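Numbering of residues begins at 1 and proceeds along the displayed sequence. These figures come from a predicted structure and were not determined experimentally.
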Amino acid sequence: MLTYYVTTDAETGFVDKIQLEAADGYTPVYVLPSSAQWFTRYYGHYKVENGIAKPADGALPDLSIDALRKIIDQQATQLKVAQNSLTTANGTLTQLQAMAGSLTGQVAVANKTIDSLQTLVGTLTGQIAQLKVAQTTTDTKGE
């Protein structure tokens, strides 16, 4: 048997701290060598009875072959769902990239149209100014 030193929760009786060295407030408990790994990993699921650490009923994970297969099957299903989600997201991303490329082209065309319109407005403004000068000159001569 291996010896560990523990403290227990006063309300629940479950082990709440473990260590390998004796210390004030710690009680020595004995653990079978075959259970040592479980005890050190899941000590919070153990209670102390007559100086021996014993797991509480149903407190430790079920590691039977059937339980492990069930977990593997659940994880495989989750992975398939995640893979499908990634595939869908990848398709959406590809569509968005295509749309961004199309929009970039449309923006370039719109900018060219705006430049053309600004040039036309400038030309029209110049022609309007010339017409006003010509009209003012004609009005001045006619008086």
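Grouping the Ile, Leu, Val, Met, Phe, Trp and Tyr side chains by contacts below 4.5 angstrom, directly or via other members, places Trp38 with Leu20. Taken together through direct or relayed side-chain contacts under 4.5 Å among Ile, Leu, Val, Met, Phe, Trp and Tyr, Tyr46 and Ile52 form parts of separate hydrophobic clusters.
The backbone N or O of Ala98 lies less than 3.5 Å from no partner atom in the side chain of Ser102, so there is not a single donor-acceptor pair. At distances below 3.5 Å, at least one donor-acceptor pair connects side-chain atoms of Lys47 with backbone N or O atoms of Thr12. Side-chain atoms of Ser64 come within 3.5 Å of backbone atoms of Ala67 as a donor-acceptor pair (strictly under, hydrogens ignored).
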side-chain contact (heavy atoms from CB on, under 4.5 Å) between Met1 and Val31, intermediate numbers included:
CA-CA 5 Å; Met1 290 245 201; Val31 177; over 6 Å; no
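Side-chain contact between Thr27 and Thr8 is absent, with no heavy atoms from C-beta onward closer than 4.5 Å. Taking 4.5 Å as the limit, some side-chain heavy atom of Phe39 sits within range of a side-chain heavy atom of Val6. Within the 4.5 Å cutoff, side-chain heavy atoms of Val121 are placed close to those of Thr125. For the pair Val107 and Asn111, the minimum side-chain heavy-atom distance is below 4.5 Å.
Across every non-hydrogen atom of Lys17 and Tyr26, the tightest pair is CD-OH, 3.6 Å.
In this structure, OG1 on Thr88 lies 10.5 Å from CD on Gln83, to the nearest 0.5 angstrom.
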